[in-house]
Amino acid sequence: MPEQWLPPIHWDGDAVAILDQRILPHQEKFLRCTTPEQVISAIKTMAIRGAPALGVAGGLALALGARSIQTSDPKEFRRKFSRICHKVREARPTGANLSWAVKRLYSVVVENPKAAIFELQELILQEAKAILTEDVVSNRQIGRWGREVVPKGARILTYCNAGALATADYGTAVGVIRAAFETDPTISVVSCETRPLLQGARLTAFELIRAGIPVTLITDNAVGSLISQGRIDLAVVGADRIAANGDTANKIGTYMVAVLARTHDVPFYVAAPRSTIDPGLPDGSGIPIEHRDPKEVTHLFGKRIAPDGVGALNPAFDVTPNKYISGIITEVGVLRKPFSRTIRKALQT
Ligand code: MRU
């Protein structure tokens, strides 16, 4: 990223600054959120999105929430904080990082029963900031591990946006691409546009162009054609929630890419921090899938493209069974099959 790049989410001293992704790439504007409700609204309307970024946003929303509680009664503080935790966790259901961050911040309260309220408010803010800092460190490590699986001159396909914008900075799948490009500037990227909200066309293409990495945009339905013609060497995507056996929820359409990659012997990697792994889910069947407004399908940029009266389905994520995944690139290494064993070990590291 060029030097003028401001991280997509940061704490500005009093508020959470969120780069509004709904208007990218045409406008770069930060929303200044001073209440947890404003952050929740930014999450629901996808001004900020991407599982790790949602974890960071959720944490900072709770820091704002803790500060806003006016009481000197510790019990009342706990009750009110728990209510805010619940609202933040419910903002979007699929990305594991949001509930992971809420749990982590709630445990600050549980683990400090004797702390004064002002101390808790400060501890919660520090923990939320730690989530942000750790995410950037994790992404750089994911990049370093991930570049080892990228062949020289690879033509890499990616889906949706698992870049700086989907995280605290640098990105997961795009982090792998950035790190690979540092040592091999002959690699290139194919970005799928990613209907309905076009995160690939609007966000991934924007980030890669900024980073000077060659990128070509395709429609989602061109993936099969390109892969079958031998024009893709590797696919790498991010993840929203990974079950204990490696089954992975990611943006709707990812499963289709994984099956095509397997059919044509193209390695298919998932890149994600361990905070995206949900060890409580034995497999992908229990991953909650968000269904969004059908209008995202029937309309484009607020303009109706389908005839009145037609119904539309809008699942935001699908689950790729672990058998299609060549490896899961985490901050502690590239996990291989059997994922149940390697994931368990990675979580103990
Ligand atoms: O609906 P979104 O844009 O929040 O979904 C995000 C994704 O599915 C991304 O592709 C990503 O891999 C997860 S975040 C790194």
Side-chain angles (χ1 to χ4, degrees), residues 8-9 18-22 24 42-58 91-101 135-136 138-140 142-143 146 156-178 189 191-208 220 223 235-242 248-258 268-278 284 287-293 296-297 314-320 325 328-331:
I9 176 160
I18 290 176
L19 181 60
D20 188 346
Q21 300 187 29
R22 296 166 301 187
L24 284 174
I43 291 173
K44 285 188 172 166
T45 59
M46 292 179 68
I48 183 158
R49 28 69 48 205
L54 296 184
V56 174
R92 281 192 82 193
T94 303
N97 306 59
L98 190 54
S99 42
W100 168 85
D135 188 59
V136 183
S138 290
N139 293 338
R140 291 199 173 262
I142 287 171
I156 305 171
L157 183 134
T158 191
Y159 197 80
C160 190
N161 173 263
L165 294 164
T167 63
D169 211 351
Y170 201 70
T172 52
V174 170
V176 170
I177 292 167
R178 285 182 206 281
V189 180
S191 171
C192 301
E193 63 173 353
T194 319
R195 268 287 277 154
L197 295 180
L198 302 168
Q199 290 93 327
R202 296 186 303 106
L203 309 177
T204 302
F206 166 76
E207 283 194 33
L208 292 174
D220 304 330
V223 174
V236 60
V237 301
D240 290 275
R241 192 182 292 248
I242 301 173
T248 294
N250 194 50
K251 181 51 56 193
I252 189 79
T254 302
Y255 178 26
M256 177 180 78
V257 174
F268 177 89
Y269 285 91
V270 169
R274 288 173 297 169
S275 48
T276 302
I277 299 172
D278 183 346
I287 298 178
I289 299 294
E290 176 183 11
H291 287 257
R292 294 186 60 85
D293 190 341
E296 291 177 356
V297 178
N314 191 13
F317 302 94
D318 59 25
V319 177
T320 298
I325 300 171
I328 301 174
I329 307 165
T330 71
E331 69 274 37

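Whatever order the structure lists ligands and atoms in, that order sets their numbers, starting from 1. Along the sequence shown, the residues carry numbers beginning at 1.
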Quiz item: So, are R241 and D278 salt-bridged, with charged N and O less than 4.0 Å apart?
Solution: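 Salt bridge: yes.
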Quiz item: Charged N to carboxylate O below 4.0 Å: is that the case for E207 and R178?
Solution: yes
Quiz item: Does K251 count as lying over the ring of Y159, i.e. NZ or CZ under 6.0 Å from the six-ring centre, within 45 degrees of the axis?
Solution: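 Judged by the rule (NZ or CZ under 6.0 Å from the ring centre, within 45° of its axis), K251 is not positioned above Y159.
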Quiz item: For T254, what residues pass the side chain to side chain donor-acceptor pair (under 3.5 Å) criterion, not counting sequence neighbours?
Solution: N250
Quiz prompt | Close-range residues for ligand 1, whose non-hydrogen atoms fall below the 4.0 Å threshold | solution = M46, R49, G50, A51, P52, R92, C160, N161, A162, A166, T172, Q199, G238, A239, D240, N250, K251, F317
Self-check item: Side chain to side chain, C160 and R49, heavy atoms closer than 4.5 Å
Solution: yes
Self-check item: Interatomic spacing from CG in N314 to CD in E290 - rounded to 0.5 Å
Solution: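 Rounded to the nearest 0.5 Å, the CG-CD separation comes out at 8.5 Å.
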